Amino acid sequence: MFKRVPDRGSRHPIPAGQTMPPVYLSRHPVSVAAAPGAGGSVLVEYTLSPRALIEAGEALWLAWPAGAVTAASTDVLFAPAVAVRAKATGADGFIEIVE
């Protein structure tokens with residue numbers, strides 16, 4: 001028999017030309033999907049920096065392995081990331097996170 005896993009997913013819209021606010025993570029690993037709008041791209045970033053540095057605007061943000069994507073993409077972040085954010089270029093986009 002299979003055990004039902006509770007839904008721990010969330011969707012975060014990203015307006016074109018903007019970086020979304022950080023999403024703080026509580027579990028690891030984390031699955032992240034990025035979906036750019038037509039003609040656009042989305043770059044997902046994560047940080048290992050503590051929350052205090054994130055809130056002070058001093059965190060070191062690292063690009064996810066796929067880089068800027070122009071089609072729907074997914075990856076698993078195995079690093080113990082503290083937060084995830086994303087930037088949309090050229091069109092609105094969104095990311096989905098499952099912890």
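Predicted model only: the values in this text are computed from it and were never measured.
- For the atom pair CZ (R85) and CE (M20), the distance works out to 10.0 Å, reported to the nearest 0.5 Å.
- Shown here for P13 and F94, the closest heavy-atom pair between the two residues is CA-CB, 3.9 Å.
- With a 4.5 Å cut-off on side-chain heavy atoms, W64 and V69 count as touching.
- Taken from CD in Q18 to CG in D92, the straight-line distance is 8.5 Å, to the nearest 0.5 Å.
- Listed by chain and residue number, S26 satisfy the side-chain hydrogen bond (donor to acceptor under 3.5 Å, both in side chains) test with E99 (two or more places apart in sequence, or in another chain).
- Closest heavy-atom contact between L48 and P80: CD2-O, 3.8 Å.
- The two residues A91 and A16 make their nearest non-hydrogen contact at C-CB, 3.4 Å.
- Between Y24 and I54, some side-chain heavy-atom pair lies under the 4.5 Å cut-off.
- T74 contributes a side-chain N or O that, together with a main-chain N or O of V32, makes up a donor-acceptor pair within less than 3.5 Å.
- Checked by atom type and distance alone, the side chain of S49 pairs as donor or acceptor with a backbone atom of L60 at under 3.5 Å.
- Between the T47 side chain and the W61 main chain, no donor and acceptor come within less than 3.5 Å of each other.
- You'll find the side chain of V42 reaches within 4.5 Å of the side chain of I95, heavy atoms only.
- Residue V98 is not grouped with residue L77 when hydrophobic side chains (ILVMFWY) are merged at heavy-atom distances under 4.5 angstrom, including chains of intermediate members.
- Nearest approach of S41 to T70, heavy atoms of both residues: CB-CG2, 4.0 Å.
- With respect to V30, the side-chain contact (heavy atoms from CB on, under 4.5 Å) criterion is satisfied by exactly one of D75, I97, V76, V23: I97.
- In terms of heavy-atom proximity, F78 sits nearest to P29 at CD2-CB, 3.8 Å.
- The heavy-atom pair separating P36 from A72 by the smallest distance is CD-N, 4.0 Å.
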